[in-house]
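Note: hydrogens, waters and symmetry copies are ignored here, and every other heavy atom, side chains too, is used.
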Amino acid sequence: VQLVESGGGSVQAGGSLRLSCAASGYTYSGYCLGWFRQAPGKEREGVAVIESDGTTTYLDSVKGRFTISQDNAKTTVYLQMNSLKAEDTAMYYCAADRRRSLGCATKLGRPAVWNSWGQGTQVTVSS
């Protein structure tokens with residue numbers, strides 16, 4: 001699976017950004033596609049995940065502000081980020097993995113079990 005992120009940048013608090021992840025080399029059914037982030041000195045954390053049937057799960061702190069979605073061709077996954085806060089500043093990574101027995105929602109809390117990762121895109125929010 002190949003994943004390439006884009007769309008990061010710098011924005012003031014309250015602003016918006018949309019991240020994109022071009023995904024290839026995976027079978028569309030039975031897969032989880034997720035967004036993770038890692039701030040300096042902190043562990044990587046799951047932000048949002050979308051399953052092949054469109055079910056989504058979010059980190060509590062981004063609910064109501066972030067939206068994960070996928071295009072109809074299932075080749076690109078997006079993360080729309082609104083009402084950004086300084087604490088959202090991090091490197092954002094796209095990830096993919098087979099759903100298997102854990103389920104996508106559970107996988108969101110376990111970055112170590114994901115097999116495929118993009119190179120990351122930086123998001124900086126200034127207050």
CZ-SG distance between Arg99 and Cys104, expressed to the nearest 0.5 angstrom: 5.5 Å
For Tyr93 and Gly120, the nearest pair of non-hydrogen atoms, with its separation, is CD2-CA, 3.6 Å
Sole residue of Thr76, Thr75, Leu3, Thr121 in side chain to side chain contact (heavy atoms under 4.5 Å, CB included) with Cys21: Leu3
Determine whether Val47 and Leu33 fall in the same hydrophobic cluster, where Ile, Leu, Val, Met, Phe, Trp and Tyr are linked whenever their side-chain heavy atoms lie under 4.5 Å apart. yes
Could you tell me whether a side-chain N or O of Glu5 sits under 3.5 Å from a main-chain N or O of Gln119, the two making a donor and an acceptor? yes
Does a side-chain heavy-atom distance below 4.5 Å link Pro111 with Trp117? yes
Closest heavy-atom pair and its distance - Gln122, Thr89: NE2-CG2, 4.1 Å
With the side chain counted from C-beta on, respond yes when Cys94 and Val77 share a heavy-atom pair under 4.5 Å apart, and no when they do not. yes
To the nearest 0.5 Å, tell me how far Tyr78 OH sits from Asp71 CG. 5.0 Å
For Ala39 and Ala90, the nearest pair of non-hydrogen atoms, with its separation, is N-CB, 3.8 Å
Would a 4.5 Å heavy-atom cut-off, applied to side chains only, mark Gln80 and Phe66 as touching? no
About how many Å separate OG of Ser61 and CD of Glu87, when rounded to the nearest 0.5 Å? 8.0 Å
Quick one: does NZ or CZ of Arg44 land under 6.0 Å from the six-membered ring centre of Trp114, within 45 degrees of the ring axis? no
With rounding to the nearest 0.5 angstrom, report the CZ to CE distance, Arg18 to Met81. 11.5 Å
I need the minimum non-hydrogen distance between Tyr26 and Gln70, along with the two atoms involved. OH-NE2, 3.0 Å
Closest heavy-atom contact between Val1 and Ser116? CB-OG, 3.5 Å
Flag yes if Val11 and Leu79 sit in one hydrophobic cluster, no otherwise; membership is Ile, Leu, Val, Met, Phe, Trp, Tyr, and two members link when side-chain heavy atoms are under 4.5 Å apart. yes
same_hphob_cluster(Leu59, Leu84) at 4.5 Å side-chain heavy-atom cutoff: yes
Taking every non-hydrogen atom, the tightest pair across Arg37 and Tyr92: NH1-OH, 3.0 Å
Donor-acceptor pair, distance only, cut-off 3.5 Å: does the side chain of Tyr58 make one with the backbone of Ile68? yes
Salt bridge check, Lys63 against Asp60: does any charged N sit closer than 4.0 Å to a carboxylate O? yes
Can any side-chain N or O of Ser52 pair as donor or acceptor with the backbone N or O of Gly30 at less than 3.5 Å? yes
When clusters are formed by joining ILVMFWY residues with side-chain heavy atoms under 4.5 Å apart, either directly or through shared neighbours, do Val113 and Phe36 land in the same one? yes
If Ile, Leu, Val, Met, Phe, Trp and Tyr residues are connected whenever their side-chain heavy atoms lie under 4.5 Å apart, and connections chain through other members, are Trp35 and Tyr31 in the same group? yes
Please tell me if the side chains of Val49 and Lys107 come closer than 4.5 Å, counting only heavy atoms from C-beta onward. no
With a 4.5 Å cut-off on side-chain heavy atoms, are Asp88 and Arg65 touching? yes
What distance separates Thr124 OG1 from Gln12 CD, expressed to the nearest 0.5 Å? 13.0 Å
